[in-house]
Amino acid sequence: MTNLSGEAVGSFSQEHPPTQSAEQDANAITSEAARRRTFAIISHPDAGKTTLTEKFLLYAGQIAEAGAVKARAGRKSATSDWMEMEQQRGISITSTVIQFTYRSHVINLLDTPGHRDFSEDTYRVLAAVDSAIMVLDAAKGIEAQTLKLFEVCAGRQIPILTFINKYDRPGKEILGLLDEIETKIGVRPTPVTWPVGISGDFKGVIDRRNNLYIKYQKMARGSKEAGEETCELNRATDLSPEMLEQTKEELSLLEAVGSDLDIGSFLEGKTTPLFVGSALTNFGVKHILDAVVDMAPPPRAQTDVSGGKRDLSEPFSGFAFKIQANMDPAHRDNVAFVRVCSGRFRRGMVITHEKSKKSFATKYAASVFGNDRNTIDVAYPGDVVGLVNAGDLAIGDSLYETLPVAYPPIPTFAPELFSYVTSKDVSKYKQFKKGLEQMAKEGVIQLYNDLDPVPNPIIAAVGQMQFEVFSHRLINEFKVPVEIRATKYRLIRKSGPECIKPLQNVSGAKVVKNQSGDIMVLIESPYWLSYIQGEYPDIFLSQISLH
Ligand code: G4P
């Protein structure tokens, strides 16, 4: 295993060879799991996710100077069509996993696309993490476009750490931001660091855990680690008496309203420890990275479909949370990203695909960051392994060694956009079908068919950009130009064969089948939904997801 700079990361050598006694081996796995922190950063595009990620790598000693990640991103996009699209749009569609060590801990940082249109992709990534960092731009707070992502995070009760970024420039009032977080996503902020001075005229922060004042030091673009100047608040020479007074007032107000750090409610996803800083100038980066180690939870025993717990030290198991094909035009292969839930993964080991009960050898296992792949030999709970060309794995599928387990499926989002799709080139029907199935398998779009004698495919998505990625990839990877025609339908419900006949003549509804052959109904509007419910009370209609 290597890090981003291609150097070996210590934790992945075989420190605990499997020749030890079973008990020693189980202890070794548990202690490896305990030093893992697996999390995602969720934010609105431009809030500073890339900058913060890069500063984490700087503080972890993985890169000598900030600036490398963007440069690498630029290089990668030259070799991949769809990464080129990401760069044009300034968004990230291809989630990647970055792994590094910090304070003897192994940090797995899973990337998420910072756009509402890819909420479903984020949702899958969130199924594979133990915590998340929410990065907000101090000037913008919670933006409408990403509210859904934060709601998803809160809905899954994932412990969230919050970083209010860009405090070096003018922004919203901190108390207003706190209020916004609580009212919009229903998670209560508990400030760990509290700003002194307003954003734009930022003096520093108070660490509420020890009441020390940490002076803000400007680091021009922060390419190197920033030092910290700390003192008691009363001894701060750079603060006016008014500013000192106001800060003290705010601190006592926070105490009075009970906004103190509470790890118990943070772990339950009810409160969010909040940090203030400026990723660009490195201020506050260390506070939040330390919080990942000190506050964020390590991997815990995962719950299986029957509600039982799979102990961390039990034989290897995991589930696929992302499938990506053709990431690199030179390889044209398929990578399944698997979160390790229990045991020790060893490259070459034979594992079983729970759904098909087929076994296969994991000859090609890699860490994947964009197009860069490094072989993984050993991985522990919390780690992510990229299995290359691992058979018929689909999103949510479980894998295990010796002791069977099935993890709960990852719920899908109810799509809001439904479109007919046809190939503009009739001679390419085979490639068209293959491309459609591949995109559905990866979750780029959801795929349905109407009930016509020759079924017409209908693609569905949460956001328009998913369709754009779909058609871009069909042209570039399958050489099939497609035409996408929007339908009038906006809602989807699961039903049964009893609905086919009565709904034939209802103009606001269309019966379709999903890829497993289940009967679903596309509905034009809430009006038509209540019409059908009132007119045909015997037709069973159920929501397909929580969202
Ligand atoms: P993203 O991944 O969330 O989309 O955001 P990214 O880190 O790319 O940051 C978006 C822009 O915000 C960048 O500016 C970045 O330099 C700036 N930025 C990030 N953190 C801070 C901060 O703490 N303070 C200030 N003032 N700016 C910050 P850009 O002009 O788009 O790119 P660049 O030319 O600086 O590379």
Side-chain angles (χ1 to χ4, degrees), residues 4 39-59 63 65-77 83 85-98 109-119 121-122 125 132-147 149-150 153 161-172 174 177 193 195 197-205 214 216-226 274-289 369-370 465:
L4 287 174
F39 72 102
I41 299 181
I42 46 168
S43 65
H44 189 279
D46 258 8
K49 186 173 65 171
T50 313
T51 311
L52 187 63
T53 302
E54 198 179 29
K55 297 304 167 72
F56 280 174
L57 296 172
L58 180 72
Y59 275 75
I63 52 174
E65 213 168 291
V69 173
K70 277 202 171 168
R72 286 169 75 90
R75 205 179 66 215
K76 280 197 307 288
S77 65
M83 284 177 191
M85 183 171 162
E86 295 183 340
Q87 211 185 32
Q88 285 163 4
R89 296 297 199 114
I91 51 162
S92 126
I93 301 165
T94 49
S95 296
T96 50
V97 184
I98 298 176
L109 169 49
L110 278 57
D111 191 16
T112 59
H115 196 285
R116 179 203 177 277
D117 281 15
F118 302 107
S119 299
D121 198 66
T122 299
V125 172
I133 296 181
M134 167 164 83
V135 177
L136 299 180
D137 181 331
K140 299 193 172 142
I142 295 183
E143 296 167 78
Q145 211 186 21
T146 32
L147 177 59
L149 299 183
F150 298 139
C153 210
L161 296 163
T162 299
F163 186 69
I164 306 279
N165 192 29
K166 305 197 186 183
Y167 223 78
D168 55 302
R169 61 183 201 188
K172 291 187 177 181
I174 185 74
L177 284 166
T193 62
I198 53 167
S199 53
D201 184 22
F202 185 36
K203 301 293 180 196
V205 293
I214 306 158
Y216 169 57
Q217 288 167 326
K218 285 197 186 81
M219 286 286 290
R221 297 198 68 82
S223 63
K224 301 275 185 204
E225 221 174 296
L274 180 135
F275 297 81
V276 175
S278 153
L280 188 68
T281 60
N282 295 358
F283 191 78
V285 170
K286 191 169 183 310
H287 305 153
I288 185 97
L289 185 53
F369 177 73
M465 252 197 256

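All ligand and atom numbering here is 1-based and tracks the order in the structure.
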| field | Proximal ligand 1 atoms for Asp168, defined as those under 4.0 Å from one of its heavy atoms | value | 22 (C), 23 (O), 24 (N), 25 (C), 26 (N)
| Under 4.0 Å to a heavy atom of Lys49 - the qualifying atoms of ligand 1, by number | 1 (P), 2 (O), 3 (O), 5 (O), 7 (O)
| said: Just to be sure I read this right, does ligand 1 sit under 4.0 Å from the backbone of Asn165, its side chain, both, or neither, counting only heavy atoms? | reply: side chain
| What do you reckon, are the aromatic ring centroids of Phe202 and Tyr167 less than 6.0 Å apart? | yes
| Donor-acceptor pair, side chain of Thr193 and main chain of Val276, under 3.5 angstrom | yes
| query | Backbone, side chain, both or neither: what part of Pro45 comes under 4.0 angstrom of ligand 1, heavy atoms only? | reply | backbone
| message | Using a 4.0 Å heavy-atom cut-off, which part of Asp46 comes near ligand 1: side chain, backbone, both, or neither? | response | both
| said: Less than 3.5 Å apart, any donor N or O on the side chain of Ser278 or Thr281 sitting next to an acceptor on the other? | reply: yes
| query | Taking the minimum heavy-atom distance to atom 27 (N) of ligand 1, which of Asp111, Ile41, Leu280 ranks first? | reply | Leu280
| task | Look only at the side chain of Lys55 and the backbone of Leu280, and say whether a donor-acceptor pair between them is shorter than 3.5 Å. | result | yes
| message | Any nitrogen or oxygen of Leu52 lying under 3.5 Å from a nitrogen or oxygen in ligand 1? Just yes or no. | response | no
| query | Looking only at atom types and distance, does a side-chain atom of Asn165 sit under 3.5 Å from a main-chain N or O of Ala47, one as donor and one as acceptor? | reply | yes
| request: Using distance alone, decide if ligand 1 has a nitrogen or oxygen within less than 3.5 Å of any nitrogen or oxygen in Gly277. | output: no
| query | So does Asp46 pair up with Lys140, basic N to acidic O under 4.0 Å? | reply | no
